[in-house]
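Take a look at the structure set out below.
For ligands, and for the atoms within them, numbers begin at 1 and follow the listed sequence. All values derive from a computational prediction rather than experimental measurement.
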Amino acid sequence: GQVEVLHWWTSGGEAKAMGVLKEMMEEQGHTWKDFAVAGGGGEAAMTVLKTRAVSGNPPAAAQIKGHDIQEWAKLGFLTNLDDVAKEEKWDQVLPPIVSDIMKYEGHYVAVPVNVHRVNWLWVNPDVFKKVGVEVPHTWDEFFEVADKIKAAGIIPLAHGGQAWQDATVFEAVALAELGPKDYTAAFVNHDMDVLSGPKMVEALTKFHKIRDYIDPNAVGRDWNVATKMVINGDAAMQIMGDWAKGEFTAADKVAGKDYECVPAPGTEGSFTFNIDSLAMFKLNNEANEKAQMDLARTILRPKFQTIFNKAKGSIPVRTDVDMASFDDCAKASMKAFKATAENGGLVPSMAHGMATTSAVQGQIFDVITNFFNTKDADPEATAKQLASAVQSAL
Ligand SMILES: OC[C@H]1O[C@H](O)[C@H](O)[C@@H](O)[C@@H]1O
């Protein structure tokens, strides 16, 4: 049969990872129809998917994540994967926090592909050695180090001026200031007092200060172009999920030698998760439905989980995959994922659709990116604005 897969994995590391799935499906005699829609974070892809689905011509599978899975399932577009899930013992090999996200009313409608950690700081050690500074672990240390790097004529933080990237940096600062408990209160439970409270004002104040360490050409820059700046030593650091590691790997860079990965400042002990998944659409073509089920089965097998996640920069979503052949950043991520699942430090990424609805996320993005791009913005007023914007989308 044929499987058409809609996704936004077009950067070097992302495309390489997606190639693994294409190959494995073709080995099973299926035809792979790639429907890649460029644009990190996936906003453009979701717009195209809506058009296709509403016109009654959805792809077999689409990269739909977190809360969006519930919204698409509620509309009746998604097919039931329980038979494959039972055969393949998904409930046994998946952490409950993951299987719950993949189910609608208790039935599997999507297959998880990986677990990305979002709260990472990527570091070029050669730049740090040249300037003679240490890797920062708190925001105060970050600003101190960034001043010295800037004085040495190097861009301290590589960044892409796009709302989802601004939100990715903001959520790391918010997690540092709020801690996992209040982070969840704010972005999952929409607690108005926390959203407009003193800790949020502090987070916004620090977030705005980061602007001083980003170069003026950042506007509209794609995330992987920013990662390239760190790889080349044009910039010292980047705050981004570990899909960035996919770019280091694609450039044959070695973790711990050519680059370092540390938790984003102030978020040691916490893990912001972002789980990619493919949701399966109802089809009325037997051969393609068989191919669709083979796709779901293939994705959660240990072989795919190992090869794909090494290229993608994420960690396997199955808890029983041997991590021995993964790099040190992946091993650190898996260790932190397991530890934080136990100690309350594991939180869903707001910027990547894991914490709240796309309507609330959209409101937060607007407030945050306007604030970040306004010279003398007022953190106090913005915290109040944030709370009322969230309220308006509930
Ligand atoms: O495109 C950049 C990133 O966007 C999203 O966060 C996806 O979950 C991730 O897989 C992708 O690499």
Can you check whether [X] and [Y] have ring centres sitting under 6.0 Å from each other?
X	Y	answer
Trp120	Phe271	no
Tyr104	Trp72	no
Phe372	Phe207	yes

Using a 4.0 Å cut-off to any heavy atom of [X], which atoms of ligand 1 qualify?
X	result
His116	10 (O)
Gly41	1 (O), 2 (C), 4 (O)
Lys312	9 (C), 10 (O), 11 (C), 12 (O)
Lys65	5 (C), 6 (O), 7 (C), 8 (O)
Trp223	1 (O), 2 (C)

Can you pull out the closest protein heavy atom to [atom]? Residue, atom name and distance to 0.1 Å, please.
atom	value
atom 7 (C) of ligand 1	Asp276 OD1, 3.4 Å
atom 6 (O) of ligand 1	His352 ND1, 2.8 Å
atom 4 (O) of ligand 1	Trp8 NE1, 3.2 Å
atom 1 (O) of ligand 1	Glu14 OE2, 2.8 Å

- Message: Tell me if the NZ atom of Lys303 is crowded by more than 12 foreign heavy atoms within 6.0 Å.
- Response: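 Not more than 12 within 6.0 Å, no.
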- Query: Is the number of heavy atoms from other residues, nucleotides or ligands within 6.0 Å of NZ (Lys65) greater than 12?
  - Reply: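 Yes, enclosed.
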- With the threshold set at 4.0 Å, does a side-chain nitrogen-carboxylate oxygen contact exist between Lys103 and Asp91?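 Yes, Lys103 and Asp91 are salt-bridged.
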In terms of relative ring orientation, are [X] and [Y] parallel, tilted or perpendicular, with 30° and 60° separating the classes?
X	Y	result
Trp164	His352	perpendicular
Phe187	Tyr183	perpendicular
Tyr213	Phe143	tilted

- Query: Is ligand 1 under 4.0 Å from a heavy atom in the side chain of Asn274, in the backbone, in both, or in neither?
  - Reply: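 Answer for Asn274: side chain.
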- Task: Answer yes or no for Gly241: is there a heavy-atom contact with ligand 1 below 4.0 Å?
- Result: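 No; Gly241 lies far enough from ligand 1 that no heavy-atom distance drops under 4.0 Å.
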- Looking at ligand 1, does any of its N/O atoms fall within less than 3.5 Å of an N/O of Trp164?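 Such a contact does not occur with ligand 1.
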- For ligand 1, is there an N or O atom under 3.5 Å from any N or O atom of Asn114?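 By distance alone, the answer is no.
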